[in-house]
Amino acid sequence: MSEEIASFDSFSEEIRRGIEELGWKEPMPVQRRVIPVMRAGRDLIVQAVTGSGKTGGFGLPIVELIDPEQRHIQALILAPTRELAGQIDGELAVMGRHLGIRTIAIYGGTAYGPQLEAFERGVHIVTATPGRLLDHLKSRRMTLDHLQVLIFDEGDELLSLGFWPDMQEIQRFLPEGPLTGLFSATMPQRVVSLSRVFLVDPEFISFSEGGVRAPEEIEHWHYIVQASQKENELLRILRFEDPGSALIFCNTRDDTRFVSGFLQRHDLDADMIQGEMSQAAREAVMRRIKGGKLRILVATDVAARGIDISDLSHVISYSAPDQPEVYLHRTGRTGRAGKAGTAISLVSGLDIGNFRSLQKVNRMTIPERPLPSQSDVDERMAQRLQVEIEHDLRAFSERERKLREGEMLPIVERFAATDIGRRQLSAVLFSYLRDRHVSAPGTEIPSGAHTRDEAADESATREAEPARKRRRPRRRRHKDGE
């Protein structure tokens, strides 16, 4: 393990002036650990939450590495949202200001002109959302031929919002051997799968409770809910999580019928299996979910016996199981063959006893997460919608895209001017998202993360392995701190 830094004294005077302007007095724990590893030229995976100082952790080594005399893009940071990209860019600009380092944030929804002017003048560090970055790369308005550092910030969010296909395509434009870092608040197997494609022999650093932990294939957590609101909270969780495929367990047949009917009434692609169904009906449902034509299956433990779904992303316990070992049977249906899995429990007052018992007997601690608010759900759906639309528009030339974006603006403005018009636009957007999920029901990146196209994913895995083996050893500017 690399040594930690004790202060900012090892940085140049110009960088220390930027640090002072940011108001930083001494390194935060993330910065103490990350900076030496990056200085040593080693790839790394860092589990750290927002607000932990990680931008300084990767930003300070980046500005130290940049050659201001070279008018090329030397560092790239990928971020899931425009807000985060702007925030990172702002801090990097201050860090490198006194060295003459130029930075820019590029993301969708803004004019191309200022970005093109920045490329023309010369920019050293780019912070970008994957979609807009890909626009520039494919049009050759920018290149990454001289890239030295690549950072993925909030890797779990990049995957949750559906950016894997874009990152997969960006890989084609990368040179061999940039120093690469992956930062993520959570470390499910799908995030580690992302690292296998882009990183080489990374050092793993964790600031989660309990110290450094190897990522596990199945993430377990629970939500505390009111019994009278359980179905509504389930609906909100499903819309926030947006699972590729989910198996929801209920303890009774009545709950199974109730939950599946409730989800169907709210336009979720759900169905059920339970003991009273005929074998033909049961087999028809199973063909749908195994064929990717059904996203959510609701079942009792008895009815689910023998179910084998290879690409099941989520297992959700609507009710805590009566027997502790049943929980392991439930959750064992996801996270198979090295793929990512998520196990979620909805725990009401009626479930507390069984839930505590299963943790004690199974010798596991299942952490609690706060329920997503409706505004959280709305924001997440808006972000996913933006990613989907940008991905679709990328199929057109820039001229065609501008025509399509502007052609309907007068009509959109007329709709948006009235309450009924806004509701109609809302219905259209809802149908668009729903149709996208039906056509792309939940696929995986190599070894686990969710993507748009499984066939393309398998191809990426085959292509990525030789590429990693061909990487040239990078030249290190600092001695290894190992």
Side-chain angles (χ1 to χ4, degrees), residues 218-220 222-223 225 227 230-239 241-337 339-348 350-351 354-355 358 434 437-444 450 454:
I218 303 177
E219 275 192 295
H220 299 258
H222 74 276
Y223 295 104
V225 300
K230 185 178 278 193
E231 68 274 12
N232 291 312
E233 302 295 7
L234 171 65
L235 178 63
R236 187 185 302 176
I237 291 166
L238 287 170
R239 287 178 171 168
E241 285 289 315
D242 192 36
S245 56
L247 179 55
I248 300 176
F249 281 98
C250 299
N251 287 351
T252 68
R253 294 177 183 175
D254 287 343
D255 276 353
T256 300
R257 287 189 288 266
F258 171 74
V259 170
S260 61
F262 177 83
L263 297 179
Q264 289 169 356
R265 289 195 299 274
H266 287 82
D267 287 309
L268 268 70
D269 184 26
D271 209 334
M272 68 172 180
I273 55 170
Q274 44 97 1
E276 295 177 349
M277 295 174 64
S278 67
Q279 186 63 26
R282 177 190 173 97
E283 290 176 355
V285 173
M286 291 307 302
R287 282 196 299 270
R288 289 176 60 206
I289 195 163
K290 288 186 176 182
K293 298 179 180 179
L294 176 67
R295 293 181 65 212
I296 301 170
L297 179 63
V298 187
T300 59
D301 294 290
V302 173
R305 287 176 183 170
I307 288 180
D308 183 13
I309 305 169
S310 59
D311 290 330
L312 189 65
S313 66
H314 286 65
V315 168
I316 300 175
S317 291
Y318 182 78
S319 307
D322 294 330
Q323 301 297 323
E325 64 273 12
V326 173
Y327 179 81
L328 298 181
H329 292 311
R330 288 181 178 183
T331 58
R333 289 179 166 85
T334 187
R336 293 185 173 182
K339 296 179 180 178
T342 301
I344 299 174
S345 297
L346 276 63
V347 181
S348 69
L350 301 175
D351 302 305
N354 287 343
F355 190 69
L358 73 86
R434 182 186 58 190
H437 288 312
V438 170
S439 61
T443 50
E444 310 239 341
H450 302 151
E454 186 173 39

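Computed over heavy atoms, backbone and side chain alike; hydrogens, waters and symmetry mates excluded.
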Where [X] and [Y] come nearest, the two heavy atoms and their spacing:
X	Y	answer
Thr342	Ile344	CG2-CG1, 3.8 Å
Ser348	Lys230	OG-NZ, 3.8 Å
Ser345	Tyr327	OG-CE1, 3.6 Å
Leu350	Ala227	CD1-CB, 4.3 Å
Val285	Leu294	CG1-CD2, 3.9 Å

Quiz prompt | Criterion side chain to side chain contact (heavy atoms under 4.5 Å, CB included) on Leu238 and Ile316, from CA distance to verdict | solution = CA-CA 10 Å; Leu238 287 170; Ile316 300 175; 3.6 Å; yes
Quiz prompt | Pair Asp267 + Arg239, salt bridge at N-O below 4.0 Å | solution = no
Quiz item: What residue pairs, at least two apart or across chains, pass ring-ring contact (aromatic ring centres under 6.0 Å, His included) with a residue in residues 259-283?
Solution: Phe262-His266
Quiz item: Among all residues two or more places apart in sequence or in another chain, which pass the ring-ring contact (aromatic ring centres under 6.0 Å, His included) test with His329?
Solution: none
Any side-chain heavy-atom pair of [X] and [Y] under 4.5 Å:
X	Y	result
Ile289	Met286	yes
Val315	Ile218	no
Arg295	Asp242	yes

Quiz item: Got a sec, which residues hit salt bridge (charged side-chain N to carboxylate O under 4.0 Å, His left out) with Arg288, two or more places apart in sequence or on another chain?
Solution: Asp269, Asp271
Self-check item: Partner residues of Glu233 under the salt bridge (charged side-chain N to carboxylate O under 4.0 Å, His left out) criterion, sequence neighbours left out
Solution: Arg236
Exercise. Go through the structure and list residues passing side-chain hydrogen bond (donor to acceptor under 3.5 Å, both in side chains) with Tyr223, not counting sequence neighbours.
Key: Trp221
Quiz item: Partners of Ser260 by side-chain hydrogen bond (donor to acceptor under 3.5 Å, both in side chains), sequence neighbours excluded?
Solution: none
Quiz item: What pairs with Ala281 under side chain to side chain contact (heavy atoms under 4.5 Å, CB included), at least two apart in sequence or on another chain?
Solution: Met277, Ser278
Taking only distance into account, with no hydrogens and no angle test, what donor-acceptor pairs under 3.5 Å do side-chain atoms of residues 248-259 form with protein atoms, sequence neighbours excluded?
unit_1	atom_1	unit_2	atom_2	d
Asn251	OD1	Arg330	NH2	2.8
Asn251	ND2	Ala320	O	2.9
Thr252	OG1	Asp255	N	3.1
Arg253	NH1	Glu276	OE2	3.1
Asp254	OD1	Arg257	NH2	2.5
Thr256	OG1	Thr252	O	3.0
Arg257	NH1	Glu276	OE1	3.3

Quiz prompt | Separation of Asp301 CG from Ser317 OG (nearest 0.5 Å) | solution = 8.0 Å
Self-check item: Approximate separation, where rounding is to 0.5 Å, of Phe355 CZ and Leu346 CG
Solution: 10.0 Å
